[in-house]
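Residues take their numbers from the sequence shown, with the count starting at 1. The figures here come from the full heavy-atom set of this structure, side chains too, leaving out hydrogens, waters and symmetry mates.
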Amino acid sequence: MPLRVRYHECDPQAVVFNAHYLAYADMACAEVFRELFGSYQAVLDRGFDMVVAESNVRYLAPCRYDDELLVSAYVERVGTTSLVLRFEVQNGELPATEVVNRYVWIDQATKRPAAPPEDIRAAFR
């Protein structure tokens, strides 16, 4: 997912504020759902949702205003009720940031962990 750093995403040190990398990962996650299912809504319509249970962010190089970034998403693990996605943020040729998110699938009605249908899990495999 390509994106350009916007002015308001930068902190007083003139680099992207750390929390924005989680937003970049979230945006890339939405693109994964669009690619696999047509939209995130298509999964919600089946009664399932996904919540972030854990995030780990490694900052490797700074990104600044107007830099052109590329966010790539990779499936690390597909569990019964969990999913681990890794997001790599590239700034040109330089690896800038790595985000690893562990998600838990939940039943929309109960808000409790629940295994999604096999075809949803298979799409991530």
Side-chain angles (χ1 to χ4, degrees):
M1 177 193 78
L3 66 90
R4 186 180 298 271
V5 175
R6 298 168 293 184
Y7 180 79
H8 73 274
E9 295 168 338
C10 297
D11 62 19
Q13 290 85 27
V15 298
V16 172
F17 179 67
N18 58 28
H20 287 294
Y21 292 101
L22 292 171
Y24 297 164
D26 196 52
M27 293 161 53
C29 184
E31 293 303 318
V32 168
F33 273 77
R34 191 177 331 283
E35 182 69 26
L36 294 177
F37 307 107
S39 69
Y40 193 84
Q41 187 64 46
V43 174
L44 295 176
D45 290 345
R46 295 185 64 188
F48 291 89
D49 200 355
M50 217 174 54
V51 296
V52 176
E54 181 180 356
S55 291
N56 185 329
V57 185
R58 291 182 58 221
Y59 305 98
L60 306 169
C63 298
R64 294 182 166 77
Y65 169 67
D66 216 30
D67 283 352
E68 293 183 38
L69 309 181
L70 181 65
V71 183
S72 300
Y74 303 92
V75 177
E76 290 283 308
R77 182 178 174 282
V78 179
T80 303
T81 60
S82 66
L83 174 69
V84 177
L85 299 179
R86 178 173 46 89
F87 304 92
E88 293 179 355
V89 180
Q90 291 281 130
N91 187 354
E93 297 296 316
L94 291 174
T97 309
E98 179 182 81
V99 177
V100 178
N101 283 343
R102 182 173 57 86
Y103 302 91
V104 174
W105 291 100
I106 63 169
D107 178 284
Q108 279 191 308
T110 65
K111 306 298 186 210
R112 302 290 306 155
E118 178 55 31
D119 64 307
I120 291 177
R121 290 177 35 231
F124 284 99
R125 283 197 287 283

Is the shortest heavy-atom distance from the side chain of Tyr24 to the side chain of Thr97 under 4.5 Å?
-> no
Are Pro116 and Val43 side-chain neighbours, meaning at least one heavy-atom pair lies under 4.5 Å?
-> no
Glu98 and Arg86: which non-hydrogen atoms are nearest, and at how many Å?
-> OE2-CD, 3.3 Å
Any Ile120 side-chain heavy atom under 4.5 Å of Met50 side chain | no
Indicate the atoms forming the closest heavy-atom contact of Tyr65 with Cys10, along with that distance.
-> N-SG, 3.5 Å
If you look only at pairs with a residue in residues 31-45, which of them pass as a side chain to side chain donor-acceptor pair (under 3.5 Å), with sequence neighbours excluded?
-> Glu31-Arg34, Tyr40-Asp49, Gln41-Asp45
Within one Ile-Leu-Val-Met-Phe-Trp-Tyr cluster: Val71 and Leu36, side-chain cutoff 4.5 Å | yes
Honestly curious: do Met27 and Leu85 fall in one hydrophobic cluster under the side-chain, below-4.5 Å linking rule?
-> yes
Would you say the side chain of Lys111 lies within less than 4.5 Å of the side chain of Ile106, judging by non-hydrogen atoms?
-> yes
Partner set under side-chain hydrogen bond (donor to acceptor under 3.5 Å, both in side chains) for Glu118, not counting sequence neighbours | Arg121, Arg125
Name all residues meeting the ring pair (Phe, Tyr, Trp, His ring centres under 6.0 Å) criterion together with Tyr74; count only those two or more places apart in sequence or in a different chain, and write none if there are none.
-> none
Nearest atoms (heavy-atom pairs only) where Leu83 meets Val78 | CD1-CG2, 3.9 Å
If you take all heavy atoms of Pro62 and Asn91, which pair is closest and at what distance?
-> O-ND2, 3.5 Å
Asp66: what forms a side-chain contact (heavy atoms from CB on, under 4.5 Å) with it, not counting sequence neighbours?
-> Arg4
Shortest non-hydrogen contact from Ala96 to Cys63?
-> CB-SG, 3.5 Å
How many angstroms lie between atom NE2 of His20 and atom CG of Asn18, to the nearest 0.5 angstrom?
-> 8.5 Å
For Arg77 and Ser82, what are the C-alpha separation, side-chain angles and deciding distance, and is it a side chain to side chain contact (heavy atoms under 4.5 Å, CB included)?
-> CA-CA 8 Å; Arg77 182 178 174 282; Ser82 66; 2.9 Å; yes
Determine whether Leu22 and Phe87 fall in the same hydrophobic cluster, where Ile, Leu, Val, Met, Phe, Trp and Tyr are linked whenever their side-chain heavy atoms lie under 4.5 Å apart.
-> yes
Specify the closest pair of heavy atoms between Pro117 and Phe48, including all atoms of both residues, with the distance to one decimal.
-> CD-CE1, 3.4 Å
Any link between Val32 and Leu70 through a network of hydrophobic side chains (Ile, Leu, Val, Met, Phe, Trp, Tyr) touching at under 4.5 Å?
-> no
Contacts satisfying ring pair (Phe, Tyr, Trp, His ring centres under 6.0 Å) that involve residues 104-125 (not counting sequence neighbours) are Phe33-Phe124, Phe37-Phe124
Under 6.0 Å between ring centres, would you say that holds for Tyr21 and Tyr59?
-> yes
Under the side-chain contact (heavy atoms from CB on, under 4.5 Å) test, residues paired with Ala53 that sit two or more places apart = Arg102, Val104
Flag side-chain contact, heavy atom, 4.5 Å: Glu88 against Pro95 = no
Treat each ILVMFWY residue as a node, draw an edge where side-chain heavy atoms are under 4.5 Å apart, and state whether Met1 and Val75 are in one component.
-> yes
